[in-house]
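Take a look at the structure set out below.
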Amino acid sequence: MAILVTGGTGYIGSHTVVELLNHGYEVVIVDNFSNSKPEVLNRIFLMTNRRPKFYQIDVCDYDGMTEVFEKETIKAIIHFAGLKSVAESVEKPELYFKNNVGSSEVLLQLMEKYHVPNLVFSSSATVYGVPKHVPLKESDKVGGCTNPYGQTKLDIEYLLKDYAKEHKEVNIAILRYFNPIGAHQSGLIGEDPHGIPNNLMPYITQVAIGKRPHLNVYGNDYKTVDGTGVRDYIHVVDLAHGHLRALKKLEEKPGLVIYNLGTGKGTSVLELVQAFEKANNVKIPYIICDRRPGDIDENYAEVSKAFLEMGFKTKLDIEDACRDSWRWQRKNPHGYD
């Protein structure tokens, strides 16, 4: 009996696969390498001495995915696969809905056909839209998403809720991530964005290693501690452990459950820059730019529900993430290439 991990060679997916393998799970990965590299599979083997089964398939491909379900005995799915660039989603909203929502529809059809009882879904704090208050609780109102990417995550959540109502035997965990950063402590896997990074930490590390002249800080007039945007940055290894906790929770047959995965603490852009400089003794030059449309002042999680119901609590802090990100970048100056 295996765990099917869609998007398992991606940034969060690969870290989760490593933790699954290290905890004795059988793993089957499906990925089309649209936002990852085949080299990830070699790194996973180096780290775990285990090689998960792998299928290079787009999850939107019903026939291709059917072959996977025919060949493998799957007891649970962790669904990471999806396009994830906020900026690109604004330019190509139809592509994002077709890919992200479409792949989830395929999985639900096959879950029903092959009687797979458990699903963990990779959602996002973007489903909360513009927060009316912080910290954000799972019971807070969702909607008013500021970009198509976030809207696809919310649409998938609605799909899952409808599916769970119709299939009482199914257990689904929706995990709303805040801002994953960091890399595995080995330096063998990490975040390897194509082109200009959309996320803050890989941009910082690329400046640190000399690939980019400076960091662009978008806005310094927010209502925050230093005027820069505040977010909840969670170490990717902690996030990976959250998925194992969610799998264990589904064994209790809870039906559909929703959890924030964050630290419960906000960190500003400049605080993260300062933490990186302190942890690594590297100076990060930056310039202040205009705000980006849709950006909000602050966003961080209320995390007590995840702790009380599935025993999830972060163990790594911002400086750990800064050290691990820099180790990954130094060891892999050109990413997996």
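The shown structure was predicted, so the numbers you read here are calculated from the model rather than taken from an experiment. Just so it is clear, the values below take in all heavy atoms, side chains as well, and ignore hydrogens, waters and symmetry mates.
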**Request:** Apply the side chain to side chain donor-acceptor pair (under 3.5 Å) test between Y55 and each candidate in E72, K71, E67; give the one that qualifies.
**Result:** E72
**Prompt:** Between H15 and Y11, what is the ring plane arrangement, given parallel below 30°, perpendicular above 60°, and tilted in between?
**Reply:** perpendicular
**Prompt:** Can you tell me how far CD of E138 sits from CD of E302, rounded to the nearest 0.5 angstrom?
**Reply:** 7.5 Å
**Item:** Stacked cation flag R291 on Y222, 6.0 angstrom / 45 deg
**Value:** yes
**Message:** Are F80 and H243, when compared by the centres of their aromatic rings, separated by less than 6.0 Å?
**Reply:** yes
**Prompt:** For the residue pair F307 and F312, is the inter-centroid distance of their aromatic rings smaller than 6.0 Å?
**Reply:** no
**Request:** For the pair Y336 and W328, name the ring-plane relationship: parallel under 30°, tilted 30 to 60°, perpendicular over 60°.
**Result:** tilted
**Item:** R50 side, atom CZ; F45 side, atom CZ - distance, nearest 0.5 Å
**Value:** 11.0 Å
**Request:** Assess the side chains of E277 and N281: does a donor N or O sit below 3.5 Å from an acceptor N or O?
**Result:** no
**Prompt:** Are the ring centres of F33 and F54 closer than 6.0 Å?
**Reply:** yes
**Prompt:** In Å and rounded to the nearest 0.5 Å, what is the CD to CE distance from E191 to M201?
**Reply:** 9.5 Å
**Asked** In terms of ring plane angle, is the pair F276 and W326 parallel, tilted or perpendicular, where the classes change at 30° and 60°?
**Response** perpendicular
**Item:** Test: E319 and R323 ion pair at under 4.0 Å
**Value:** yes
**Any side-chain donor near an acceptor of the partner, Y177 and S122, under 3.5 Å** = yes
**Message:** Determine whether I74 and M1 satisfy the following criterion, side-chain contact (heavy atoms from CB on, under 4.5 Å), listing intermediate values before the conclusion.
**Reply:** CA-CA 5 Å; I74 296 164; M1 299 284 277; over 6 Å; no
**Request:** Answer yes or no: is there an ion pair linking E94 with K98, defined by an N-O contact shorter than 4.0 Å?
**Result:** no
**Message:** Quick check: do K84 and S89 have side-chain heavy atoms less than 4.5 Å from each other?
**Reply:** no
**Asked** Between CG of D337 and CG of N332, what distance do you get to the nearest 0.5 Å?
**Response** 10.0 Å
